[in-house]
Amino acid sequence: QVQLVESGGGLVQAGGSLRLSCATSERTFSRYAMGWFRQAPGKEREFVAAISVIGGTTYYADSVKGRFTISRDNAKNTVYLQMNSLKPEDTADYYCAASGRGGNYYHASRYDYWGQGTQVTVSS
């Protein structure tokens with residue numbers, strides 16, 4: 001069982017930045033592709049970004065492309081989501097997830113483990 005712990009959420013004004021982190025003690029972290037999803041109140045969970053095992057390939061939702069950057073540090077067993085130029089519509093609970101299988105990282109069904117989430121609120 002891979003345990004993932006997110007941190008870094010909070011309240012920020014529109015146009016501001018936050019960096020989310022997702023850490024695990026799992027020694028095999030480097031074998032997992034990692035993703036970030038978000039869920040706003042009353043809405044379905046949606047894909048935000050993903051990064052391949054080594055980190056050479058990244059994937060983004062159109063809504064965050066150019067504003068968010070996903071990265072990973074396999075030595076620290078941590079994946080990050082740098083969020084810039086935040087908008088009120090980015091307000092949501094953000095979840096990191098680990099995928100031990102290949103395929104389409106845009107879909108939540110490809111992920112095996114999930115964190116508990118961290119809340120991000122962007123005020124206008």
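- Taking hydrophobic clusters as Ile, Leu, Val, Met, Phe, Trp and Tyr residues chained together by side-chain heavy-atom distances below 4.5 Å, Val2 does not share a cluster with Phe37.
- Under a hydrophobic clustering in which Ile, Leu, Val, Met, Phe, Trp and Tyr are joined whenever their side-chain heavy atoms come within less than 4.5 Å, directly or via other members, Tyr105 and Val48 fall into different clusters.
- The two residues Ala23 and Thr78 have their closest heavy-atom pair at CB-OG1, 3.8 Å.
- Side-chain atoms of Tyr111 never come within 3.5 Å of backbone atoms of Trp36 as a donor-acceptor pair (strictly under, hydrogens ignored).
- No side-chain heavy atom of Arg45 sits under 4.5 Å from any side-chain heavy atom of Arg38.
- A tilted orientation is assigned to the rings of Phe68 and Tyr94, their planes being inclined by 30° to 60°.
- Put simply, the side chain of Arg67 gets close to the backbone of Ser63: a donor and an acceptor are under 3.5 Å apart.
- The OG1 atom of Thr121 sits 13.0 Å away from the CD atom of Gln13 when rounded to the nearest 0.5 Å.
- Arg101 has a carboxylate O that lies under 4.0 Å from a charged side-chain N of Asp112, or vice versa, which qualifies the two as a salt bridge.
- Considering all non-hydrogen atoms of both residues, Asp73 and Tyr80 come closest at CB-CE1, 4.1 Å.
- Residue Leu4 forms a side chain to side chain contact (heavy atoms under 4.5 Å, CB included) with just one option from Glu26, Met34, Gln116, and that option is Met34.
- Summarising the geometry, atom CD belonging to Glu6 is positioned 4.0 Å from atom SG belonging to Cys96; distances are rounded to the nearest 0.5 Å.
- The neighbour count for Lys65 NZ, taken as heavy atoms of other residues, nucleotides or ligands under 6.0 Å away, is above 12.
- In plain terms, the two heavy atoms of Pro88 and Ser124 that are nearest each other are CG-CB, 3.8 Å.
- In the hydrophobic clustering of this structure, Val64 groups with Leu20; members are Ile, Leu, Val, Met, Phe, Trp, Tyr whose side-chain heavy atoms approach within less than 4.5 Å, directly or through other members.
- Note on Tyr95 and Met83: separate hydrophobic clusters, where clusters join Ile, Leu, Val, Met, Phe, Trp and Tyr whose side-chain heavy atoms are under 4.5 Å apart, directly or indirectly.
- Using modelled atom types, one side-chain atom of Ser99 and one backbone atom of Arg110 make a donor-acceptor pair closer than 3.5 Å.
- Lys87 has no carboxylate O lying under 4.0 Å from a charged side-chain N of Asp90, or vice versa, which leaves the two without a salt bridge.
- Relative orientation of the Tyr113 and Tyr32 rings is perpendicular, given thresholds of 30° and 60° on the angle between their planes.
- Around CD of Gln3, the count of heavy atoms belonging to other residues, nucleotides or ligands within 6.0 Å does not exceed 12.
- Checked against Val120 for a side chain to side chain contact (heavy atoms under 4.5 Å, CB included), the options Thr91, Leu18, Leu81, Leu11 give a single hit: Leu18.
- Of all heavy-atom pairs spanning Phe29 and Thr24, the tightest one is CD1-CG2, 3.4 Å.
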